[in-house]
Participant: 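Structure below; questions to follow.
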Amino acid sequence: MLLCRLKQQALLLHRSPTAALITRQLFHEIPATTSALPPPVVQPLTPIRARLRSGVGVDLAAATWALKSSRELKTGSQLHAIAVSSGLFSFLAVSNSLMCFYSKSGHFESALVVFASIPNPDVVSWNTILCGFDSCVDALRFAQRMRHAGVLLDPVTLTIVISFSGDLQDISVVHQLHSLALKSGFDSDVFVSNALITAYGRHECIESARKVFDEMLMRDLVSWNAMISGLTQEGSCADEAIEVFVRMVGDEGLRPDHISFSSAIAACVQNSDLQLGSQIHGFAAKVGLKTHILVSNVLMSLYYKCRCEDSATIVFHEMRNRNVVSWTTMISIDLSNAVLLFNSMRIDDIQPNDVTFVTLIYALSPQHSIKEGEMIHGICFKTRFSTEVNVSNSLINLYAKLGSMEDARKIFDDMEIKEIISWNSLISGYAQNGLCEEAILSFSSAAIHSKPNQYTFASVISAITSAQTVYLSYGHRLHCCIIKLGLNTDEYVAGALVDLYAKRGSIVESQLVFDEPFRKSLISWSAIISAHAKHGNYEIVMKLFEEMVNSSILPDHITILAVLTACCSCGMITMGRQIFDSMIGEYKLDPWPEHYACIVDLLGKAGKLADAEEFLMKIPNGPGVSALQSLLGACRIHGDLELGKRVAEALMEKEPMESGAYVLMSNMYANNGDWENAARVRRWMRDKGVKKEVAFSWVDAGIGDSLFMHKFASDDNTHPLAEQIYGVAESLGSEMMVLEEDELMAA
DNA sequence: GTAGGGTTAG
């Protein structure tokens with residue numbers, strides 16, 4: 001008889017369809033049945049079984065204790081069998097422990113089965129199941145069921161439900177549960193208050209979190225941690241988070257644990273506050289927590305964000321245990337060794353997850369071949385991560401980056417679920433590859449099939465920003481939609497608009513968008529600075545650059561290049577060199593060839609040709625084309641034929657088919673009155689087959705909503721209406737001649 | 001000696 005019950009239960013546990021049935025029964029209030037169950041597999045067991053055999057018997061304490069310390073499914077199932085055979089299962093302490101075991105060891109369905117077999121579950125039984133759910137929706141439905149079953153709500157139930165409500169989209173449930181806590185008097189329970197702080201924190205409703213925290217009579221370490229992490233997550237309260245951390249340590253004398261440290265350091269990451277972060281690092285070392293996996297992981301982010309990759313790497317190497325987060329962070333720190341690190345991670349027996357793949361895919365640069373991209377894609381496929389939406393999105397980005405929009409499109413078309421992010425990846429992919437028309441078409445589809453968000457708009461705007469053709473009227477139309485949708489103060493949209501108008505519209509419109517209240521990112525700062533730099537507005541550029549640095553945004557290569565350009569066009573030699581030095585010293589950026597070229601240009605234009613040449617010689621790996629071009633240009637302006645010849649030769653050697661050097665050299669001879677050599681260079685150019693780049697022009701017919709642009713090159717007759725167009729051009733020409741004659745006659 | 005709160009990577 002006993003064996004039969006045992007068999008029944010063991011079967012139930014390992015047959016998920018049965019478990020699924022029980023789940024349905026729980027939700028639909030169908031009375032559970034445990035009849036008609038196939039045979040079990042029972043393994044011999046452990047000291048407890050020995051005790052049972054030797055007639056000592058197993059008591060309640062032994063059974064629950066054994067369950068608590070066990071994590072292996074096999075051991076748990078065996079204990080389950082013993083509990084049933086010894087009759088201990090009928091004690092709620094034992095059956096509840098069993099549910100807890102199954103739930104914590106990742107076999108929630110088995111816990112549900114046990115629950116269904118308990119004749120009179122108590123509130124602990126219900127709570128144990130309640131906290132085992134993955135999804136907050138399921139958990140809250142189960143809580144409703146508890147209420148219908150007449151289970152009396154206790155602080156534990158409330159704590160669990162509040163913590164689930166933090167995951168919901170809608171904050172109103174948190175508010176409801178908060179008032180329930182006040183009504184029932186459970187708000188004095190520390191656990192309940194802590195859960196409330198966290199739930200409010202997750203909804204970034206920091207005022208309410210703070211209120212709960214402030215009104216607590218007794219706070220424990222978890223309360224402080226919840227408050228600190230809530231402030232850290234909010235995004236704009238990092239300073240307050242630090243303040244609370246300091247109060248906790250200084251005023252309350254509490255000893256921070258790994259979670260306090262990780263939250264406080266995360267706040268430093270947000271502020272890019274290397275100094276304070278390092279201090280907290282030292283503090284963690286003092287209390288022996290610096291190599292804790294959580295603390296080390298966030299320390300790596302700190303050093304990475306503050307561009308101290310070496311320190312981040314040291315933290316990684318000092319870790320005794322590393323998890324998938326540590327490895328993934330390390331991959332994002334050392335992108336050039338991403339594949340190598342990925343392999344080491346697998347040797348270390350750490351399984352990658354979707355984030356790892358997203359990072360790894362991101363690490364591949366346009367310099368990588370399609371083949372390498374396909375290899376990573378293959379690993380994603382084998383490990384079954386390629387169907388994850390975020391991984392697919394990254395793959396779209398990858399193929400776009402590698403220049404293969406066909407592959408990107410294929411991934412997109414194969415996706416079962418397309419998020420708006422997927423559309424955004426596709427649109428920005430077309431944008432990067434200069435396929436503006438496709439980007440606009442995809443944007444239209446996205447608007448039909450999905451709900452465009454700020455990123456969709458930002459992507460399509462960036463497409464028209466980088467398009468060869470100027471789609472300004474389309475840009476204005478998009479801008480109108482954006483204002484209507486209230487997205488004009490979104491940092492990405494506003495940033496993209498600043499960039500669009502800076503590059504394609506007018507600096508006035510760009511400045512107008514920039515003056516709107518939105519969170520200025522590096523991109524938007526760089527866009528507005530670049531725009532003013534192009535117009536030679538030196539004072540404005542320097543003022544904006546100062547404002548940007550003061551708002552703790554670190555400049556990147558593009559920003560510095562813009563500032564250098566401004567210095568260059570206004571001949572600010574000292575400032576230019578100062579910025580160049582700070583780029584290396586203060587901002588830890590390796591100059592690009594363009595930055596060197598800028599300084600060469602700056603010195604050259606000012607007539608300091610010798611300094612320029614000296615600087616040029618110091619460029620690591622030799623001067624790039626742009627630096628040589630700058631110097632050659634300067635030689636032309638200042639008439640230094642000798643240096644010009646040397647530079648032109650170097651340039652022609654580097655790029656024999658580029659017309660620039662030949663044209664400049666020939667012009668220099670011509671300026672000098674040396675027509676013979678000027679002609680010689682031109683001849684030389686012709687013999688080598690070097691051609692000047694073809695100039696393009698375009699006409700927007702501007703009819704209705706049409707986006708069609710008519711493009712022309714010189715001597716181009718590929719347009720379908722070429723004959724008519726040339727006809728009109730000719731008749732216009734003759735009309736002009738007539739007009740000119742008339743004017744002459746009148747004179 | 002059965003149930004509840006705080007945590008890191010794109």
Side-chain angles (χ1 to χ4, degrees), chain A residues 59-69 91-101 103-104 111 114-115 118 121-132 154-164 166 186 189-199 201-202 212 219-230 232-233 256-266 269 292-302 304-305 312 316 322-333 335 352-363 388 390-391 393-394 397 421:
Chain A
D59 59 10
L60 205 120
T64 52
W65 177 248
L67 277 166
K68 203 177 174 189
S69 46
F91 290 96
L92 279 170
V94 173
S95 43
N96 289 347
S97 299
L98 257 172
M99 290 193 295
C100 183
F101 163 78
S103 177
K104 285 190 175 152
V114 173
F115 181 74
I118 301 175
D122 63 358
V123 66
V124 178
S125 325
W126 285 91
N127 287 342
T128 309
I129 292 298
L130 179 63
C131 74
D154 75 345
V156 179
T157 321
L158 195 58
T159 311
I160 304 170
V161 177
I162 292 170
S163 69
F164 273 116
F186 293 148
D189 186 297
V190 180
F191 280 76
V192 170
S193 299
N194 291 347
L196 277 169
I197 297 171
T198 310
R202 291 218 180 112
V212 175
R219 300 181 195 101
D220 63 6
L221 185 62
V222 177
S223 327
W224 288 90
N225 287 350
M227 195 63 235
I228 297 168
S229 75
T232 304
Q233 281 164 32
D257 67 356
H258 56 290
I259 293 170
S260 334
F261 277 118
S262 61
S263 304
I265 297 166
V269 176
H292 187 284
I293 201 155
L294 209 59
V295 179
S296 293
N297 286 349
V298 73
L299 276 172
M300 284 166 71
S301 318
L302 171 78
Y304 170 54
K305 175 100 184 276
F316 179 77
R322 302 182 186 100
N323 62 11
V324 62
V325 177
S326 332
W327 281 101
T328 306
T329 310
M330 195 58 224
I331 291 174
S332 57
I333 291 167
L335 290 179
N353 62 17
D354 55 331
V355 184
T356 319
F357 281 111
V358 169
T359 312
L360 187 66
I361 293 166
Y362 174 76
E388 294 270 330
N390 53 353
V391 175
N393 294 339
S394 298
N397 289 332
I421 302 175

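Numbers restart at 1 for each chain; the letters A, B, ... are given by sequence-line order, proteins then strands. Everything numeric here is computed off the predicted structure, so don't read it as measured data.
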Participant: Identify which nucleotide among B:dT8, B:dG4, B:dG10 has an atom closest to any side-chain atom of A:S332, counting heavy atoms from C-beta outward.
Facilitator: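 Of the candidates, B:dG10 comes closest.
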Participant: Looking for any heavy atom pair under 4.0 Å, which part of the strands does A:R322 touch: base, sugar-phosphate only, or nothing?
Facilitator: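 The residue A:R322 makes no contact with any strand.
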Participant: In whole angstroms, how far is the P atom of B:dA9 from the CD1 atom of A:I333?
Facilitator: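 These atoms are roughly 12 Å apart.
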Participant: A:I160 near the nucleic acid: base, sugar-phosphate alone, or nothing, with a heavy-atom cut-off under 4.0 Å?
Facilitator: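 It contacts sugar-phosphate atoms only.
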Participant: Select one nucleotide: of B:dG6, B:dG10, B:dA3, the one nearest the side-chain heavy atoms of A:V156.
Facilitator: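 It is B:dA3.
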Participant: Could you tell me whether A:T128 contacts a base, only the sugar-phosphate backbone, or nothing, with contacts defined as non-hydrogen atoms closer than 4.0 Å?
Facilitator: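 Here A:T128 touches the backbone only, sparing every base.
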Participant: Rounded to the nearest angstrom, tell me the gap between atom CZ in A:F186 and atom P in B:dG4.
Facilitator: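 The distance from CZ of A:F186 to P of B:dG4 comes to 17 Å, rounded to the nearest Å.
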Participant: Considering residues at least two apart in sequence or located in another chain, which fulfil the salt bridge (charged side-chain N to carboxylate O under 4.0 Å, His left out) criterion with A:R219?
Facilitator: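 Testing A:R219 for salt bridge (charged side-chain N to carboxylate O under 4.0 Å, His left out), a comparison that skips the adjacent residues, returns none.
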Participant: Could you tell me the separation between the CG atom of A:L302 and the P atom of B:dA9, rounded to a whole number of Å?
Facilitator: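 Interatomic distance, CG of A:L302 to P of B:dA9: 12 Å.
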Participant: Side-chain contact test, heavy atoms from C-beta onward, threshold under 4.5 Å: evaluate it for A:N225 versus A:S263 and give yes or no.
Facilitator: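 Not touching, per the 4.5 Å side-chain cut-off.
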Participant: Which listed nucleotide (B:dT8, B:dG6, B:dG4) is nearest to the side chain of A:N225?
Facilitator: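 Taking heavy atoms from C-beta onward, the closest nucleotide is B:dG6.
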Participant: Regarding B:dA9, can its base be found pairing with the side chain of A:N353 as donor and acceptor, where the two atoms are less than 3.5 Å apart?
Facilitator: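 Checked by distance alone, the answer is yes.
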Participant: Compare the minimum distances between each of B:dG6, B:dG10, B:dT2 and the side chain of A:N96, then state the nucleotide with the smallest one.
Facilitator: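 Of all the options, the side chain of A:N96 is nearest to B:dT2.
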Participant: From B:dA3, B:dA9, B:dG4, pick the nucleotide closest to the side chain of A:V355?
Facilitator: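 The closest nucleotide is B:dA9.
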Participant: What's the CD1-P distance between A:I118 and B:dT2, to the nearest Å?
Facilitator: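 Distance check: A:I118 CD1 to B:dT2 P gives 15 Å.
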Participant: Indicate, with a heavy-atom threshold strictly under 4.0 Å, whether A:Y362 touches base, sugar-phosphate, or nothing.
Facilitator: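 No contact at all - A:Y362 keeps every heavy atom at 4.0 Å or more from the nucleic acid.
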Participant: Checking contacts here: which listed nucleotide (B:dA9, B:dG10, B:dG6) is nearest the side-chain heavy atoms of A:V325?
Facilitator: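 It is B:dA9.
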Participant: My understanding is that only residues two or more places apart in sequence, or in another chain, count here; which of them pass ring pair (Phe, Tyr, Trp, His ring centres under 6.0 Å) with A:F357?
Facilitator: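 Here the qualifying residues are A:F342, A:F385.
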Participant: Look up atom OG in A:S193 and atom CE in A:M227, then write down how far apart they are to the nearest 0.5 Å.
Facilitator: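 Separation between the atoms: 12.5 Å.
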Participant: Give a yes/no answer on whether the side chain of A:S229 brings an N or O atom under 4.0 Å of OP1 or OP2 in B:dT7.
Facilitator: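 Yes, such a contact exists.
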Participant: Check this for me: does the side-chain of A:D154 come within 3.5 Å of the base of B:dG4 through a donor and an acceptor?
Facilitator: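 No.
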Participant: Output the single nucleotide from B:dG4, B:dT8, B:dA9 whose closest atom is nearest the side chain of A:N297.
Facilitator: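 Among B:dG4, B:dT8, B:dA9, the one nearest the side chain of A:N297 is B:dT8.
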Participant: Atom NZ of A:K305 and atom P of B:dA9: how far apart are they, to the nearest Å?
Facilitator: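 One finds 11 Å between P of B:dA9 and NZ of A:K305, rounded.
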Participant: List the steps and the verdict of side-chain hydrogen bond (donor to acceptor under 3.5 Å, both in side chains) for A:D154 and A:T157.
Facilitator: CA-CA 5 Å; A:D154 75 345; A:T157 321; 2.5 Å; yes
Participant: Of the listed nucleotides (B:dG10, B:dG4, B:dT8), which one gets closest to any side-chain atom of A:L294?
Facilitator: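 Looking only at side-chain atoms, A:L294 lies closest to B:dT8.
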Participant: Regarding A:V190, tell me which of base, sugar-phosphate or nothing describes its non-hydrogen contacts under 4.0 Å with the strands shown.
Facilitator: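 Base: the residue A:V190, judged by heavy atoms under 4.0 Å, touches a nucleobase.
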Participant: What are the two closest heavy atoms between A:N297 and A:T329, and how far apart are they?
Facilitator: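 The pair with the smallest heavy-atom distance is O-CG2, 4.4 Å.
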Participant: Looking at B:dT7, I'd like to know if its phosphate oxygens (OP1 or OP2) sit under 4.0 Å from a side-chain N or O belonging to A:Q233.
Facilitator: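 For B:dT7, OP1/OP2 do have a side-chain N/O of A:Q233 under 4.0 Å.
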Participant: Answer with yes or no whether A:T159 presents, from its side chain, a donor or acceptor under 3.5 Å of a partner atom in the base of B:dG4.
Facilitator: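 Side chain to base: pair found, below 3.5 Å.
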Participant: A:L98 CG to B:dG1 C1': how many Å, rounded?
Facilitator: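 Checked: the CG to C1' distance equals 14 Å.
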Participant: Can you tell me how far P of B:dT7 sits from CE of A:M300, to the nearest Å?
Facilitator: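 After rounding, the reported distance stands at 20 Å.
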Participant: Does the A:T356 side chain pair with the main chain of A:N353, one donor and one acceptor, at a distance under 3.5 Å?
Facilitator: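 Yes, A:T356 side chain to A:N353 backbone: donor-acceptor pair under 3.5 Å.
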Participant: Side chain of A:N323 only, heavy atoms from C-beta on: which candidate in B:dT8, B:dG4, B:dG6 is closest?
Facilitator: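 Out of B:dT8, B:dG4, B:dG6, the nucleotide with an atom closest to A:N323's side chain is B:dT8.
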Participant: Which nucleotide in the set B:dG10, B:dA9, B:dG6 lies at the smallest distance from any side-chain heavy atom of A:V222?
Facilitator: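 The answer is B:dG6, which lies nearest to the side chain.
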Participant: Could you tell me how far apart A:H292 (NE2) and B:dG6 (C1') are, to the nearest whole angstrom?
Facilitator: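 The distance from NE2 of A:H292 to C1' of B:dG6 comes to 12 Å, rounded to the nearest Å.
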